[in-house]
Amino acid sequence: MGKAMRLHWLLLGACGWVLLILMFVSKIISFRAVDDYGGQSWTVPGTKVVKPIPVSSPEKPAPKPSDKPSEAPTATDWQAVVDRRAELLSAVCKNSSFTNLTHVSISKFVLDRIFVCDKHKILFCQTPKVGNTQWKKVLIVLNGAFPNVEEIPEDIVHHHDKNGLPRLSSLTPQEITHRLNTYFKFFIVRDPFERLISAFKDKFVKNPRFEPWYKHDIAPAIIRKYRKSHRDSEHAASGLHFDDFVRYLGDVEGRQRMDRQFGEHIIHWVTYAELCAPCEIHYSVVGHHETLEQDAPHILKAAGIDQLVSYPAIPPGITRYNRTKVEQYFSGISKRDIRRLYARYQGDFHLFGYPSPDFLLN
Ligand SMILES: *[C@@H]1O[C@H](CO)[C@@H](O)[C@H](O)[C@H]1NC(C)=O
Ligand SMILES: *[C@@H]1O[C@H](CO)[C@@H](O)[C@H](O)[C@H]1NC(C)=O
Ligand SMILES: *[C@@H]1O[C@H](CO)[C@@H](O)[C@H](O)[C@H]1NC(C)=O
């Protein structure tokens, strides 16, 4: 009897431990999912609806978090937001003060960024660090290679010869022109400086997808050219710093040759204008990462595919602009370097209605 009782308690204790470990592991996993944002891990199986939640956006004062769902913007309100953004984009494209920063040619580099869904007549320009992997999955499913988002293996998402999601650059000039003129076209942007921070963290600090060339080739090249002091050897061993990165990004002339050497990898930090040519290609919608909860369903509806697919569930808070984080990253960086960076990226700030980061510039 006593033995059985001991066994009973032992089992109970073991279960408790297993539970604790499971809770801990799930904490780590959900933390990782948030951190690897833009990467793999936030597909939540079985989610059909993306519920609109009010979120703060740089162009509108943050609405107070409210538990009354009736305060969520309606579809018509959102169409008005999308229309305002389109008007702004068009005005900035016409403004000659920004010509250098907003106009690019529709080069092979741009055509490489755009993915084609012929079945539903959709073009999607890929802009990293805004959850674009999720959009690719949505389009792969629409093209028919896989029955649903959950069944796409992670290694296939970026394999464009295997996943049935061709690049626009793989088509003939006539085919390209036809699609540019008639298809639904969209891409997603986010606050330009927060995007650069996200790219820096993802490629040079964490590198979760094991892409060794960022730390082994690109970082040393940037450090050689842009690190202020090379004397501090212990410093040099610690990899690329954000201030090296900022000086490199802000050096309009000097970085051109390096960027050619870096090849496609620069997609993580060249401007949205350079990636998608929004003044040359008349996009149907430019969504904002900060308001993805509203933009994702709006885009699916506008593209006529909302009955066929849904955007994977967006973890709460993940898309919100975090000024504290931006301040932290730029806190050790000279005004001169920040102003040069802004000069390089202000086309993106203006085109997409992001307020200039005066708290950093002045
Ligand atoms: C172009 O942009 C500048 C700087 O924001 C602004 O002062 C000017 O009024 C704009 N011009 C037009 C024609 O909108
Ligand atoms: C555009 O770029 C050229 C060459 O880089 C430069 O000389 C010119 O001042 C720039 N124009 C504006 C309006 O920034
Ligand atoms: C904003 O960023 C700071 C610094 O990285 C972090 O401590 C904080 O938790 C973030 N806030 C939110 C709401 O995510």
Side-chain angles (χ1 to χ4, degrees), residues 27-39 41-42 53-67 83-104 129-131 189-208 239-243 245-246 252 271-273 278-279 288-293 313-333 338-362:
K27 267 261 159 46
I28 291 177
I29 288 173
S30 63
F31 180 71
R32 266 185 60 84
V34 169
D35 252 31
D36 284 358
Y37 180 57
S41 34
W42 52 282
I53 317 160
V55 290
S56 63
S57 108
E59 77 246 82
K60 285 204 296 182
K64 284 271 177 296
S66 159
D67 34 31
D83 291 345
R84 262 206 315 280
R85 289 175 182 166
E87 281 161 28
L88 176 69
L89 179 75
S90 159
V92 175
C93 286
K94 285 180 194 139
N95 188 329
S96 57
S97 325
F98 306 121
T99 303
N100 277 359
L101 298 165
T102 56
H103 288 266
V104 303
K129 297 268 95 38
V130 292
V189 298
R190 72 188 288 187
D191 176 87
F193 277 6
E194 216 184 23
R195 170 193 172 223
L196 294 175
I197 291 169
S198 177
F200 173 76
K201 267 169 58 183
D202 188 47
K203 300 305 172 198
F204 298 107
V205 181
K206 295 190 185 146
N207 206 297
L240 188 70
H241 300 159
F242 193 60
D243 62 318
F245 192 52
V246 165
V252 180
T271 64
Y272 290 128
C279 291
H288 283 211
H289 182 253
E290 292 82 357
T291 53
L292 201 57
E293 285 90 344
I314 302 164
I318 199 170
T319 62
R320 205 160 298 159
Y321 175 74
N322 186 339
R323 175 169 160 168
T324 310
K325 184 176 72 187
V326 175
E327 280 171 336
Q328 266 177 13
Y329 269 84
F330 282 98
S331 64
I333 301 189
I338 299 176
R339 289 194 192 114
R340 292 179 85 173
L341 183 73
Y342 179 66
R344 179 78 172 81
Y345 285 82
Q346 66 170 328
D348 279 359
F349 278 96
H350 289 294
L351 284 169
F352 309 113
Y354 289 98
S356 74
D358 293 334
F359 60 99
L360 300 174
L361 301 170
N362 301 318

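We count ligands from 1, going down the list as the structure has it; atoms in each ligand are counted the same way. As the structure is a prediction and not an experimental result, all values here were calculated from the model.
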- [ ] Report yes if Asn95 has an N/O atom closer than 3.5 Å to an N/O atom of ligand 1; otherwise report no.
- [x] yes

- [ ] Number the atoms of ligand 1 from 1 as they appear, then name those within less than 4.0 Å of a heavy atom of Phe98, with their elements.
- [x]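 What qualifies from ligand 1 is 2 (O), 4 (C), 5 (O).
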
TODO: For atom 14 (O) of ligand 3, find the nearest protein heavy atom and state the residue, atom name and distance (0.1 Å precision).
DONE: Asn322 ND2, 3.6 Å

- [ ] First locate atom CG of Leu292, then atom CD1 of Ile314, and finally report the distance between them rounded to the nearest 0.5 Å.
- [x] 4.0 Å

Open item on the list: Could you tell me if Arg190 sits above the aromatic ring of Tyr272, with its cationic atom closer than 6.0 Å to the ring centre and no more than 45 degrees from the axis?
Closed with: no

Task: Identified ring-ring contact (aromatic ring centres under 6.0 Å, His included) partner of Phe193 from the options Phe330, Tyr321, Phe242, Tyr345 - done: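 Among the candidates, only Phe330 passes.
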
Open item on the list: Heavy-atom distances under 4.0 Å decide this one: backbone, side chain, both or neither, for Gln328 against ligand 3?
Closed with: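 Contact part for Gln328 vs ligand 3: side chain (C-beta onward).
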
Open item on the list: Below 4.0 Å from ligand 1: does a non-hydrogen atom of Ser97 turn up there or not?
Closed with: yes

Would a 4.0 Å cut-off, counted as strictly less than, catch a protein heavy atom around [atom]?
atom                    : value
atom 11 (N) of ligand 1 : yes
atom 2 (O) of ligand 3  : yes
atom 7 (O) of ligand 3  : no

Task: Ion pair Arg320/Glu290, N-O distance below 4.0 Å - done: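 So Arg320 does not pair with Glu290 through a salt bridge.
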
Open item on the list: Tell me the closest heavy-atom pair linking Thr102 and Gly347, and the distance in Å.
Closed with: CG2-CA, 4.3 Å

- [ ] Could you tell me whether Lys94 atom NZ has more than 12 heavy atoms of other residues or ligands within 6.0 Å of it?
- [x]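 No, the 6.0 Å shell around NZ holds no more than 12 heavy atoms from other groups.
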
